[in-house]
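Before any comments, here is the structure.
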Protein chains: 2
Amino acid sequence: MSKATIKDVARQAGVSLKTVSRVINNEPTVRAETREKVQEAINNLGYQPDMAARNLRGATSYAVGLVYDNPNPYYVVDIQQGVLKCCRELGYGLQIHPCDASSPQLIDELAELVLHSRLAGLVLAPPISENDDIVQALADRSIHVVRIVSGADAPGGPAPAVHVNDRAAAYALTDHLVQLGHRRIAFLSGEEEHRSTPERRAGYEEALQAHGLPVDPALVLPGRYTFDSGFNRTQALLAGPDRPTAIFGCNDEIAAGALAATRANGMKVPGDLSIVGFEDSPFSRQSSPPLTTAAQKTEAIARQAMLRLIGAMRPHTTEEMNSGPEADVFVPNLIVRPSTGPVTSR
Amino acid sequence: MSKATIKDVARQAGVSLKTVSRVINNEPTVRAETREKVQEAINNLGYQPDMAARNLRGATSYAVGLVYDNPNPYYVVDIQQGVLKCCRELGYGLQIHPCDASSPQLIDELAELVLHSRLAGLVLAPPISENDDIVQALADRSIHVVRIVSGADAPGGPAPAVHVNDRAAAYALTDHLVQLGHRRIAFLSGEEEHRSTPERRAGYEEALQAHGLPVDPALVLPGRYTFDSGFNRTQALLAGPDRPTAIFGCNDEIAAGALAATRANGMKVPGDLSIVGFEDSPFSRQSSPPLTTAAQKTEAIARQAMLRLIGAMRPHTTEEMNSGPEADVFVPNLIVRPSTGPVTSR
């Protein structure tokens, strides 16, 4: 008897693959009646989520690794959840490997990890995923990887990739501020080794230029993806002679820091200063006022990356779950909240 | 030649075990000179962090699982980091398994995880770790587990445990408020299935009673460990006839929600209302004003739990890293910040 696939379950239950996946992942959004139908089909067919992967792979590899270097717990947990969703659908375990992206031993460290833990492959998150030398070196050692990268276009190179068009989203955020009348918009960067920083900055500059506005280098500040970085640089900007009327924080933590610094200076948001962030993290919703931001679907991005990793190794395992290459591109959406308003004359 | 241990490395380099561990974990707090000395000893001795574990274990198990059901990314990432630290010292990989603590299939799910991913054992975080039936069922299936639990005393049962004396810390927080003159202190609970909720509430009640103050049931509110839960219940309290002068949030997210609701009502903290949280998360430091809280050393707790898990299976592997049973008890420290102040007459 050939093993039942997730497709067989969906057909017998009369539901979509997505619904079967939701039931396997115990997601609360499935109606009880549907859940029962799917569970019945799973039982009838003797379907086991792990079987497909297990049969195709021999006995060696039941897990993949997730490699990241990111100080933001919200991002880390979202990316873990997304990879795990797909892992559960396909019967893989997930090992996590936070690491130091700047370590000169990183390639050896990752090769040892794959060998020692017998991993089927690695999901690489930024900034490690954006280092072409590391990706090439891993490919040269026949290690399967997939990359999650920031970029307007699909990256080349030896590994499959999922990419996030940060540039288009940063353009939309900046355009929103310009349409509110802002002309002096500061840009608070994250780490340069995260490609999202130059990509978001490029979108910011393109939007200014599209409106015939100059890019003032004094308003483009280097920094880090942290609350403190946003706080300190906003303090410096507000102490200066020619203040901006708006601040573009390269992520929500920077923007939350900018908001706190503005308040510490006795200024009002958005009355005295408009602020935008990036990511749509809980920070952006819980701050007072809530932040205009760009919603980045980190969990969906990570799930798609895992699908591409397994798809590159075992096309038959994933073909029924796969969609076209357009599924590999994500564009964060503009979300307008009360932290941005019309520029006021002063 | 017998394999070098972490102790041999420490002796040859003339540093503590902790320092060797820091070097292995690439922690930035080690001076370059010390790092070099340790690296040299590692090279001289041919020490490999994974060897000790690998030799003792045969070929089957190179990973442990971390099982949790927690909505707070800061807690999740801290607990992962702590377990991973010890994993790296001992040569284990770490699989993560977030799950639904209320699932009736949880025991089967965990048994299948251990079998399928060939895990050496499981680190159980609250609330799963606090469910005696689950712990017993896993022990009955000969699955090695360690529990991280909330409690004033060491729990009994078949598995080793690390415990956090939330009760003593909650006593200290409440005592701090009473000494500032507060008499009407509301307690905003987290989920009851997390033992930390009744433990912290017991500490709150004991401190009130020690000062001869009544426990007013109208001020003890059920809820969840979330920002929104803290926000909504504080709104309700402030709309009522007999307002409290202080709020004890069962964690920092609840307290941050209480702070936002207080501000939304046009009231000042601590002038109109004092607020305390619990955990010392970044929330508590970045809020305005910063929150009085209890510092919970989640990373150290998790590292100790992993040490106990491996210690129960392979005493020789960990004996040089182990300390006495007092190392298994953690008491969060009171941290006083500007969110608490003397009660004012109104």
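Throughout, a chain's letter reflects where its sequence line sits, starting with A, and its residues are numbered from 1.
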Start with the C-alpha gap between B:Glu193 and B:Asn131, add the side-chain angles, then the distance that decides, and say whether side-chain hydrogen bond (donor to acceptor under 3.5 Å, both in side chains) holds. CA-CA 9 Å; B:Glu193 53 267 38; B:Asn131 182 324; over 6 Å; no

Could you look at B:Phe283 and say if it's the side chain, the backbone, both or neither that has a heavy atom under 4.5 Å from chain A? side chain

Evaluation steps, side-chain hydrogen bond (donor to acceptor under 3.5 Å, both in side chains), between B:Gln80 and B:Tyr68: CA-CA 10 Å; B:Gln80 290 175 351; B:Tyr68 52 92; 3.1 Å; yes

Mind checking whether B:Tyr74 and A:Tyr74 have ring centres under 6.0 Å apart? yes

Flag the one option from [options] with the top tally of heavy-atom pairs under 4.5 Å to chain B.
options	answer
A:Pro98, A:Cys87, A:Gly65, A:Ala264	A:Pro98
A:Phe231, A:Phe227, A:Tyr75	A:Phe227
A:Cys99, A:Gly257, A:Ala260, A:Gly93	A:Gly93
A:Val77, A:Asn72, A:Leu94, A:Asp78	A:Leu94

Show the numbers, then the answer: is there a side-chain hydrogen bond (donor to acceptor under 3.5 Å, both in side chains) between B:Ser102 and B:Asp100? CA-CA 5 Å; B:Ser102 66; B:Asp100 175 1; 2.7 Å; yes

Could you give me the CA-CA distance, side-chain angles and deciding distance for B:Arg337 and B:Thr293, then say whether side-chain hydrogen bond (donor to acceptor under 3.5 Å, both in side chains) is met? CA-CA 8 Å; B:Arg337 299 210 187 94; B:Thr293 190; 5.7 Å; no

